Amino acid sequence: MECRLECGACCIAPSISSAIPGMPHGKPAGVRCIQLNERNLCKLFGQSERPLVCHQFKACPDICGKTQTEALATITELESVTVSPR
């Protein structure tokens with residue numbers, strides 16, 4: 001699946017532990033990445049400064065759903081499962 005332009009869910013919902021330009025300690029879950037522009041497009045897309053975890057993320061129907069709302073909900077749920085103590 002191609003990334004849904006102007007979605008940005010993958011730049012909002014998950015936590016990112018690696019440094020991001022402008023966010024040297026990464027970002028917590030649910031916080032909008034500073035590199036996400038007003039149209040929800042990554043300002044670092046295609047640049048070497050983009051974190052590896054962002055580069056490696058590939059849009060897929062199971063994660064992204066049909067809308068940004070579905071994507072935010074799914075990624076938020078996955079984030080809570082990933083960081084919850086077992």
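Only this structure's heavy atoms are used, side chains among them; waters, hydrogens and symmetry mates stay out. Just so it is clear, the structure is predicted and the values come from calculations on it, not from any experiment.
Across all non-hydrogen atoms, the minimal contact from Arg4 to Cys64 is NH2-O, 2.7 Å. The two residues Ile63 and Thr74 have their closest heavy-atom pair at O-CB, 3.5 Å.
With Gln68 contributing its side chain and Ala9 its backbone, the two residues share no donor-acceptor pair below 3.5 Å. Within the 3.5 Å criterion, the main-chain N or O of Ala73 finds no donor-acceptor partner in the side chain of Thr76.
Sequence neighbours left out, not one pair with a member in residues 47-58 passes side chain to side chain donor-acceptor pair (under 3.5 Å).
Cluster annotation: Leu78 and Phe57 are assigned to the same hydrophobic cluster (Ile/Leu/Val/Met/Phe/Trp/Tyr, side-chain heavy-atom contacts under 4.5 Å, transitive).
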(request) Show your working on side chain to side chain contact (heavy atoms under 4.5 Å, CB included) between Val53 and Ser18 and close with a plain yes or no. (result) CA-CA 8 Å; Val53 67; Ser18 58; 4.2 Å; yes

Solution key, residues 19-36 side-chain donor-acceptor pairs under 3.5 Å, sequence neighbours excluded:
unit_1, atom_1, unit_2, atom_2, d
Lys27, NZ, Ile12, O, 2.9
Lys27, NZ, Pro14, O, 2.6
Lys27, NZ, Val31, O, 2.7
Arg32, NH1, Asn40, OD1, 2.9
Arg32, NH2, Asn37, O, 2.7
Arg32, NH2, Asn40, OD1, 2.9
Gln35, NE2, Pro21, O, 2.7

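With sequence neighbours excluded, no residue forms a side chain to side chain donor-acceptor pair (under 3.5 Å) with Glu70.
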